[in-house]
S.K.: 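Dropping a structure here in structure tokens format, bear with me for questions.
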Amino acid sequence: MVDLLLDLALSLAAGAALLAVYRLLMGPGAASRAVAMDVLSLIIMPMMAGYALYSGRMIYLDVALVYGILSFLGVTSLARYADKGV
Amino acid sequence: MDIVTLFNLEDLLICAVILVAALGAVLHRNLLAAVVFAGVVSLAVSYLFLRLSAPDVAMTEAAIGAGITTVIFLIAVRRTEEVEREEP
């Protein structure tokens, strides 16, 4: 039951990632693309944490941690580019 | 182990995200958008590596692909030009 619910939650999160990719594809300008990339990283990071719960291996949480820090770096540099250059 | 037990629905959706973002990275004329698409590809591929139980590869992919490559490509796009020219 718990596995089924986690599977359902991860599938809903992946569908949300697909919607964010639609905004990334269509969005006008750099600002909406930066926001879409931020939304995508904020969706995939809890998916990693949920998969760590699903599989019971705690090393996966470290991957989610590194991923969160570095995607923040990427989105911040993108927003800085949209403001006044890197 | 067949393909149905190896991949379930969320992995297929993440694969769709990777496919759409890779096509956008190849086909888009605006280079800033192409850089963002390439970052999204490496982010989603990192989840796929995690799903295939390779957490060290996933961590390296997140560090190199999402962090370093996006910043270096952004610096390169700023120093050159943002929109790709038509072929002569």
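Values reported hereafter were calculated over all heavy atoms of this structure, with side chains retained and with hydrogens, waters and symmetry mates removed. Convention: sequence-line order gives letters A, B, ...; per-chain numbering from 1.
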S.K.: Tell me, side chain or backbone of Tyr54(A) under 4.5 Å from chain B's heavy atoms, or both, or neither?
M.R.: side chain
S.K.: Side chain, backbone, both or neither: which part of Leu32(B) has a heavy atom under 4.5 Å from chain A?
M.R.: side chain
S.K.: Same cluster for Leu19(A) and Leu42(A) if Ile/Leu/Val/Met/Phe/Trp/Tyr side chains link at under 4.5 Å?
M.R.: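 In one cluster: no.
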S.K.: Most heavy-atom pairs under 4.5 angstrom with chain B, which of Ala36(A), Ser55(A), Ala20(A), Ala14(A)?
M.R.: Ala14(A)
S.K.: Of the backbone (N, CA, C, O) and the side chain (C-beta and beyond), which part of Val21(A) lies under 4.5 Å from a heavy atom of chain B, both, or neither?
M.R.: side chain
S.K.: Under a 4.5 Å side-chain heavy-atom rule over Ile, Leu, Val, Met, Phe, Trp and Tyr, are Tyr60(A) and Leu65(A) clustered together?
M.R.: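 Result: no, two separate clusters.
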S.K.: For the CE atom of Met37(A) and the CG atom of Leu24(A), what is their distance to the nearest 0.5 Å?
M.R.: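 If I round to the nearest 0.5 Å, the distance is 8.5 Å.
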S.K.: Considering only heavy atoms and a distance below 4.5 Å, find which of Val75(A), Ile69(A), Ile44(A), Thr76(A) pairs most often with chain B.
M.R.: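 Looking at each option in turn, the highest pair count goes to Ile44(A).
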S.K.: Side chains of Tyr51(A) and Arg51(B): donor-acceptor distance under 3.5 Å anywhere?
M.R.: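 Yes, side-chain donor-acceptor contact under 3.5 Å.
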S.K.: According to the ring pair (Phe, Tyr, Trp, His ring centres under 6.0 Å) rule, which pairs have a member within residues 32-64 of chain B, sequence neighbours left out?
M.R.: His28(B)-Phe37(B)
S.K.: Should Val39(A) and Phe72(A) be regarded as members of a common hydrophobic cluster, given that ILVMFWY residues are connected when their side-chain heavy atoms come within less than 4.5 Å of each other, either directly or indirectly?
M.R.: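 They do not share one cluster, since no chain of ILVMFWY contacts under 4.5 Å joins Val39(A) to Phe72(A).
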S.K.: Please classify the contact of Leu40(A) with chain B as side chain, backbone, both or neither, using a heavy-atom distance under 4.5 Å.
M.R.: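 The side chain, not the backbone.
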S.K.: Please look at Ser42(B) and chain A and tell me whether the side chain, the backbone, both or neither of the residue comes under 4.5 angstrom of a heavy atom of that chain.
M.R.: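 Neither part.
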S.K.: Measuring from atom CG of Asp11(B) to atom SG of Cys15(B), what distance do you get when rounded to the nearest 0.5 angstrom?
M.R.: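 Answer rounded to 0.5 Å: 6.5 Å.
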S.K.: Flag the one option from Val17(B), Val35(B), Val36(B), Leu50(B) with the top tally of heavy-atom pairs under 4.5 Å to chain A.
M.R.: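 Highest number of heavy-atom pairs under 4.5 Å: Leu50(B).
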S.K.: Please determine, among Ile43(A), Ile59(A), Leu78(A), Leu12(A), the option with the most heavy-atom pairs under 4.5 Å with chain B.
M.R.: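 That would be Leu78(A).
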S.K.: Quick one: side chain to side chain contact (heavy atoms under 4.5 Å, CB included) partners of Leu8(A), sequence neighbours excluded?
M.R.: none
S.K.: Between Asp7(A), Asp62(A), Val66(A), which residue shows the highest count of heavy-atom pairs closer than 4.5 Å to chain B?
M.R.: Asp7(A)
S.K.: Heavy atoms only, distances under 4.5 angstrom: which of Ser46(B), Ala16(B), Ala58(B) has the most pairs with chain A? Name it, please.
M.R.: Ser46(B)
